[in-house]
Engineer: 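One structure, as structure tokens, below. Some questions next.
Not measured: the values here are computed from a predicted model.
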Amino acid sequence: MSKFGELISANVPVLIYFYAQWNEGSKSMQPVIHDVAAAMGDQLRVIKIDVEKNKDLSDALRIKNVPTMMIYRNGAMVWRQTGTIEANALITISKAL
């Protein structure tokens with residue numbers, strides 16, 4: 001958890017993407033997350049977390065369904081959504097926060 005605290009305290013907004021390999025929604029979000037990361041460059045840090053490999057963190061953050069995305073700014077969660085979203089919408093949200 002201390003490493004997670006370091007990750008979300010970056011100087012730029014941090015998009016945390018929780019996914020599962022077996023989940024269809026997660027599979028469809030993979031290219032979206034890639035596109036968002038490419039479009040935002042250094043303006044947004046993107047971190048992908050497999051819920052199967054990070055059960056303690058997933059439980060601590062109450063991740064019940066995947067995909068779930070969160071945006072942190074200065075260590076505080078400022079946005080959270082479960083389910084799929086289009087790349088342009090996610091980019092717009094990331095820039096607005």
Engineer: Specify the closest pair of heavy atoms between R80 and L61, including all atoms of both residues, with the distance to one decimal.
Structural biologist: NH1-O, 2.9 Å

Engineer: Is there a path of hydrophobic side-chain contacts, each under 4.5 Å between heavy atoms of I/L/V/M/F/W/Y residues, joining L44 to I33?
Structural biologist: yes

Engineer: Using side-chain heavy atoms (C-beta onward) and a distance below 4.5 Å, is R45 in contact with L7?
Structural biologist: yes

Engineer: Are there more than 12 heavy atoms of other residues, nucleotides or ligands under 6.0 Å from atom CD of Q81?
Structural biologist: yes

Engineer: State whether the side chain of T84 and the backbone N or O of G25 hold a donor-acceptor pair below 3.5 Å, judged by distance alone.
Structural biologist: no

Engineer: Can you list the residues that meet the side chain to side chain donor-acceptor pair (under 3.5 Å) rule with K95, with sequence neighbours excluded?
Structural biologist: none

Engineer: Calculate, to the nearest 0.5 Å, the distance between atoms OG and CG belonging to S58 and D50 respectively.
Structural biologist: 8.0 Å

Engineer: At what distance, to the nearest 0.5 angstrom, does OG1 of T92 lie from CD of E86?
Structural biologist: 10.0 Å

Engineer: So how far is it from Q30 CD to Q21 CD, rounded to the nearest 0.5 Å?
Structural biologist: 7.0 Å

Engineer: Would a single hydrophobic cluster contain both V46 and M70, if residues Ile, Leu, Val, Met, Phe, Trp and Tyr are joined by side-chain heavy-atom contacts under 4.5 Å?
Structural biologist: no

Engineer: Any side-chain heavy atom of N54 sitting closer than 4.5 Å to one from F4?
Structural biologist: no

Engineer: With a 6.0 Å cut-off (strictly less than), is the heavy-atom count around CG of D59, excluding the residue itself, greater than 12?
Structural biologist: yes

Engineer: Is there a continuous path of hydrophobic side-chain contacts, each under 4.5 Å between heavy atoms, that joins Y17 to I63?
Structural biologist: no

Engineer: In terms of hydrophobic clusters joined by side-chain contacts under 4.5 Å, are V66 and I47 together?
Structural biologist: yes

